[in-house]
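Step one of this worksheet: look at the structure below.
Just the heavy atoms: all of them, side chains too, but no hydrogens, waters or symmetry mates, feed the values below. None of these values were measured; they are calculated from a predicted model. Below, read A as the first sequence line, B as the second, and so on, with proteins coming before strands; counting in each chain starts at 1.
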Amino acid sequence: MPYLGSEDVVKELKKALCNPHIQADRLRYRNVIQRVIRYMTQGLDMSGVFMEMVKASATVDIVQKKLVYLYMCTYAPLKPDLALLAINTLCKDCSDPNPMVRGLALRSMCSLRMPGVQEYIQQPILNGLRDKASYVRRVAVLGCAKMHNLHGDSEVDGALVNELYSLLRDQDPIVVVNCLRSLEEILKLEGGVVINKPIAHHLLNRMSKLDQWGQAEVLNFLLRYQPRSEEELFDILNLLDSFLKSSSPGVVMGATKLFLILAKKFPHVQTDVLVRVKGPLLAACSSESRELCFVALCHVRQILHSLPGHFSSHYKKFFCSYSEPHYIKLQKVEVLCELVNDENVQQVLEELRGYCTDVSADFAQAAIFAIGGIARTYTDQCVQILTELLGLRQEHITTVVVQTFRDLVWLCPQCTEAVCQALPGCEENIQDSEGKQALIWLLGVHGERIPNAPYVLEDFVENVKSETFPAVKMELLTALLRLFLSRPAECQDMLGRLLYYCIEEEKDMAVRDRGLFYYRLLLVGIDEVKRILCSPKSDPTLGLLEDPAERPVNSWASDFNTLVPVYGKAHWATISKCQGAERCGPELPKTSSFAASGPLIPEDNKEREQELPDSGALMLVPNRQLTADYFEKTWLSLKVAHQQVLPWRGEFHPDTLQMAFQVVNIQTIAMSRAGTRPWKAYLSAQDDTGCLFLTELLLEPENSEMQISVKQNEARTETLNSFISVLETVIG
Amino acid sequence: MVDRVGVFEAVNQAISWALRLRVLAAFSASSASVGRGPGAESLTGTGVGKMIHSLFLINCSGDIFLEKHWKSVVSQSVCDYFFEAQEKAADVENVPPVISTPHHYLISIYRDKLFFVSVIQTEVPPLFVIEFLHRVADTFQDYFGECSEAAIKDNVVIVYELLEEMLDNGFPLATESNILKELIKPPTILRSVVNSITGSSNVGDTLPTGQLSNIPWRRAGVKYTNNEAYFDVVEEIDAIIDKSGSTVFAEIQGVIDACIKLSGMPDLSLSFMNPRLLDDVSFHPCIRFKRWESERVLSFIPPDGNFRLISYRVSSQNLVAIPVYVKHSISFKENSSCGRFDITIGPKQNMGKTIEGITVTVHMPKVVLNMNLTTTQGSYTFDPVTKVLTWDVGKITPQKLPSLKGLVNLQSGAPKPEENPSLNIQFKIQQLAISGLKVNRLDMYGEKYKPFKGVKYVTKAGKFQVRT
C-alpha cells in the first residue's frame, strides 16, 4: 500500500470530494467516499478530509451516510472540534422518518469516542428508548451503556436505570437482551443487573423467542437467581429442559451450567443432567469446527473428574484421527486415559500404542505418559507395551518411557521386577536431562536388581565433566551413593572419583554442596549413611503423583462453560489477577476460615488445607517490608476493600500486637505510641501471588472498639476474606 | 397467548422433572444422603460483560489485513501473542484456540486458511465466542461465495457494514442470514451493473420486515409465486478402519437442511419412516420439542429460506454400513532406499448405488523422497514438500476396481519409517442416506395453497480413515 504517497492521496481525494461535478453525480461521489474508507481500513491516515466528509453526510443516500458515519467514528477522537459539526447532522438524522436512518445515526453518535459528546447524545438516546421501531430501541438501549462509559463510570443515572429495567418488558426480544447487557455494564460497580423473581420468570418465559446469543446470555444472567422454593426450582428446570437439546452448543452448555448450579442440593438431578447432555457434548466433540471440539473436550475432562467412566461406553469417539490438530489430539489422549475400564482397556491401549510412534514427538510423548497413567491400574499390560517401545531405540520415546517407569515403581512397587529387566540398554538412547535423571534414579534405587547398573553409572561418572545439566550430576551423586550401600565393591572406586570431581572441580555450587554433604556424611560412618538415605519411604510429597480424588460436581459447576476448564483454575487465577479491579459484588463468597494459613491455625485445620491446594489458600510472604513512602502512595491510590469494627476491651499492648502480627507475616509500617488517643497503626502484607494487603487499625478507647480498614491492590474477594480472618484471629 | 402455552408446558414438564427426581431418590433412598460439596456456596461472579472487544483477520503468512474495534481501539500488537503461539506450534494450524495475554484473551478460529482472532477482556463462555466467529465466517461465505482474503478485501466496505450490524458494543445482534440480507444486500455482478445504471444502493432502504414479526425467525408477509419446500438429508460417515479391514469406530453425523419458500405462515410437520434410528438430535429453535418427545414428529413454523432443521447422530456401530473397502500393501524394506505401494479400492455395502467423487489422500512419512506410481483410473499427484499423495479416483465401477501401485523412493541411509501412513478417503453417494433414514411425509397446515415438496438424500465420507 502506498504509505509513502499518503499525502498525495489525501490531497487528490480532497479535491475530488470538493468537486461540484462529482458531488452532483451520486455514484461518483459515493465511489470517492468508498475510496476514502478503503484507504482508511488499510491504515492510511485519512483524517485530512474530515471536513469534506462531514459535508458528504448530508445526503439522502443511505449507503453514503453509512460510509460517512463509519469514517466519523474512526476519526472523531482525532478531530474533536470538527466532529462537533458532524453531530449536528447526526442529531437531525435521529429524527428522520426512516427508522433505519434513525438507528444508524444514533448508533454512530454513541460510538463517537470523544470528550464532550455526552451532552449531545443524552436526548437522542432518551428519545430512542421510546421509539416505535424496535431497531432504534435496540440501538438506544446499548447507547445507554456507551453513554455511561463516556461519563467515566462515575455516577449512575437512577432514572435511566429504571427506564432500562422497565424496558425489560419490551416486546422485541433483542431489546430485552440488550437491556440486560446495558444494565450489567452500567451497574458494574454495584454488582451488575439484579435478577429478582419477576424478572427471572419474565426472562424464562421469553427464552424461546430469543436468538441463540440471547438465550446463551440470559442463561448466564439467570445464574444469579436463587429460586425460593423447591417447586419453583423444578418449574424452572422444566422450562429450561428443551434448551439442553438446542442446536447451538453454546446454549446447551449455558443450560447445563444453570441446571448444575440450581440443582446444587440435588446431586441426582445433576448426574441426570450430565447424562442428558452427554449426546450434545459428544456431538460437539466431533464437530466440524476444531475449536468447538477442543473446548468441548476440555469440558468432558472436567465432567470426568467427578463422574469417572461417564463416557466410557463412547471411548471410541476419543480416538484420534491423524488429520486433527495437536491441541485436540492431546486432549483426546487425556480423556482416553481417564475413561479406561475393564472392558475397553485392551482397545484403548492398542490405540494409544499406535500414537506412541506418531511423527510428532510431542504427541507420541503424551501418548506414552497416558499409558503410564493407565499403568497405575492395569500395570502388567502397560509395562509390557512400554517395554516394547524401548525396543524401538528412539530417543524421544525412550526418555519418556524411562520417566514413566520412575513414577510407576513408586506407585506400583509390584512392577519393579519387570521394569528392572527392561532397563539395560536404555542409556544409549537418552540424551535429555529429564530422561537421564529418571534413569539414574532408577539405577540408584533398584540397582541391586540390575546386574549392569554400576557399569552404566560408571559411564556417567566418566563423562561427568562434559555433562551439561547440574540436576543430572546431583541425581548421579545420590544414585551412586545409594548403589554403593548395596553393592560397595563395584562402586567404591567410582564414588571416590565422583566425589573428588564434585568437590574439587565442579563449578555449580549446588552440586558442590551436595558432594560435600555426602562426603561429610560418609565420614560419620556407613550406618549413619544407611539410616539417612534408606529410611522408610513415606514421603508425603508422593501424594502429588497419586490420582486426585474424585471431585464433587459442585466444586466445578461455577466454572463450567467458562474459560477455566480450558486453562485450569490455578492458571486462570494468575491470568485474571492482571485484570485489575474488576468488580466486587455485594455477595462475597463465604470462604471458610481454614483457607487462611499461618502458625495460629490448629493442626487439624492444616491437614484440610492440604486437601484443597487450589481453593485460594492464603500464603503470606514473610519479610515483605515496604518502605513507608511506598506504603503511603499505595494507600492513597486504593479504595477501601473491606471495613469492619471489632469490639475491644481491656488492656492494650501495642508491642504484643506487633509481635503477633509478625508471627503471621504481617508487617507493621507505623504505629502510634501506647496510650495515644485515638491509637492508629498501619500494616502491610503480601501473599504468594503478589497481592498486597494494606491495613489501617483505629482504636478509640471511649467506644471500646477497633475499626479495621483493609485495602487490596487486586480485588480478589477470597484472599481478602482469608486475610481478614487472619487479622481477626490475631486481634480478636 | 404464547406465554400461556409456555406456562402450560411448564406445568407438564414440572411433573416430569419432579417425577424424575422422585424416582431417582427412591432408587438411592437407602444409601445416599443429599450431600453438599464444599463449593456449593461459593458461586462467584458469573462475569457477564462485554463480549467481543475487537476482531482481527489474519492470513496464513501472518498479515493482519482487517481489524474492527467495537469498544475502544486495541493495538495490533496484541496479535504478537498470537504469532508467538503460532511459532511455538509446529504447524500454523495447530495454534490453540484460546490464548491468554497479560490483559486480554485471544479466542481464534481457523477457517479457509484465515484466522479470525477476537480479543476478549472479561470471562466469557468460550463456546459462545467460537460459535459467533464461525457465524461471521459463514456470513462472509454466504455473501461473497467464498471466505477468502481476496473476497474480503474486495468487499471491504460490505464487510464493515456487516460487522457493524452483527455486533454492537461487543454483543451479537443480527446474525440470521435472511435478516442481514435485508439490511445489507449482497454484492452480485448483476446488481452492481444495475446499481451503476440506476444509482441504487446495496442497502435496503426500509427496515427488514422480519424484525416486526412476532416469530423471531420468520418475517411476516412472505409471498412466493411458486411455493416450494425442499429438504436435503446429508449424512457423513466418520470411521476408522484398521489394518485388517475391520471397523475400529464408525458413526454417522447427519443433518437435514431445508430450503423453504412458502407464502404466509405455514405450519409444517415432517415425519419419518424410522425416527427411532436417530440417537442424538439437536433442533432448530423453531421445532416444537414436545411433539418430538411424544410423537417423534418434527412440527414447526419454518424460517424463510435456507436453514438447518436438525442435526443428528447414529452411533450404534452395527447400523453404520461402510460403503467402501481398501486393499493395501505398503512396505518399506530395511536398509534399502525403496518401498512398495499398492492400494485397490472397491465397493462394499453400497445398497446398489454408485460411489462417486472418490479421493484418497495419504500423508507419506518424511523420509519419502518421491513416488513412481501407475494408476488404472483417475490421476494422482505427490507433493515432495508436504509429502502428501492425492489420488483422484472418480467413481467406482465394480467390473474393474481402481488401483494405484508402484515404487516409493526413500531418502538413502535414513531409518525405515516406524509406521505405515493412514489413508484418508473422500466419497459421495447420491440418493442414499446410509443410515436408512427415510422421510415419510410432509404436511402443511395454516395455509390453503399446495406446496411443491422434495427430499434429496446424499451420503458423504466425513473423517474416513483407513490405517495400513
Side-chain angles (χ1 to χ4, degrees), chain A residues 26-27 34 37-38 41 62-63 70 99-100 134-135 142 146 173 181 184 205 209 213 216 220-221 223 234-235 237-239 241-242 245 247 249-250 253 264-265 268-269 279-280 283 289 291-292 294-295 316 319 321-322 325-327 357 552 554-555 558 561-563 566 575 578 585 589-590, chain B residues 3 6 10 13-14 17-18 21 24-25 34 36-37 39-46 48 93-94 96-98 100 102-103 109 123 125-128 130-131 134 156-157 160-161 168-169 171-172 199 201-203 205 207 211 216 238 240 249 280 282-284 289 311 313 418-419 422 463 465:
Chain A
R26 261 173 82 182
L27 256 183
Q34 281 201 354
I37 302 288
R38 199 160 299 204
T41 56
I62 202 164
V63 178
L70 184 63
M100 185 105 161
S134 54
Y135 186 77
L142 282 186
K146 293 182 193 166
R181 293 161 170 168
E184 176 71 11
N205 283 324
K209 292 192 193 148
W213 321 111
N220 219 347
F221 279 115
L223 291 171
F234 284 104
D235 280 353
L237 296 192
N238 291 316
L239 265 173
D241 198 48
S242 64
K245 291 275 172 188
S247 60
M253 298 296 251
K264 62 184 171 206
K265 293 179 193 157
H268 309 310
V269 176
S289 150
E291 297 82 16
L292 281 184
F294 171 71
V295 177
K316 284 183 176 170
F319 283 6
S321 139
Y322 85 101
H326 259 133
Y327 53 86
T357 47
N554 283 326
S555 68
S558 56
N561 198 26
T562 64
L563 289 168
V566 181
I575 301 168
C578 313
K590 295 175 193 111
Chain B
D3 272 4
Q13 290 172 352
W17 268 101
L21 177 77
L24 277 166
V34 181
R36 285 165 66 181
E41 289 293 333
S42 63
L43 167 60
T44 46
T46 51
V48 188
E93 298 170 34
N94 282 340
V98 184
S100 71
H103 299 286
I109 63 160
E123 171 64 273
L127 285 165
F128 182 99
I130 289 171
E131 270 186 282
H134 275 292
V156 71
V157 175
Y160 270 94
E161 285 183 57
D168 188 8
N169 206 23
F171 299 113
S201 62
N202 264 352
V203 181
D205 286 339
L207 257 188
Q211 314 221 337
D238 289 349
I240 300 177
F249 157 78
D280 246 322
S282 48
F283 302 99
H284 189 277
F289 184 60
S311 48
R313 283 185 323 130
E418 280 320 322
E419 216 185 17
S422 315
K463 295 175 195 154
Q465 187 188 346

Calculate, to the nearest 0.5 Å, the distance between atoms CE and CG belonging to Met253(A) and Leu127(B) respectively.
5.0 Å
Side-chain donor or acceptor of Asn561(A) paired with backbone N/O of Pro125(B) under 3.5 Å:
no
Are any non-hydrogen side-chain atoms of Asp168(B) and Lys146(A) less than 4.5 angstrom apart?
yes
Counting only non-hydrogen atoms closer than 4.5 Å, does Phe283(B) touch chain A with its backbone (N, CA, C, O), its side chain (CB onward), both, or neither?
both
Per-residue contact mode, Val98(B) against chain A (heavy atom under 4.5 angstrom):
both
Evaluate the side-chain proximity of Phe294(A) to Val566(A): yes if any heavy-atom separation is below 4.5 Å, no if none is.
yes
Among the options Trp213(A), Phe319(A), Tyr327(A), pick out the one with the most heavy-atom pairs lying under 4.5 Å from chain B.
Trp213(A)
Only counting residues at least two apart or in another chain, list the ones meeting side-chain contact (heavy atoms from CB on, under 4.5 Å) with Ser422(B).
Tyr322(A), Gln465(B), Arg467(B)
Checking Ile240(B) against chain A: side chain, backbone, both or neither under 4.5 Å from a heavy atom?
side chain
Per-residue contact mode, His284(B) against chain A (heavy atom under 4.5 angstrom):
backbone
Atom group of Leu142(A) that falls short of 4.5 Å from chain B, counting heavy atoms:
both
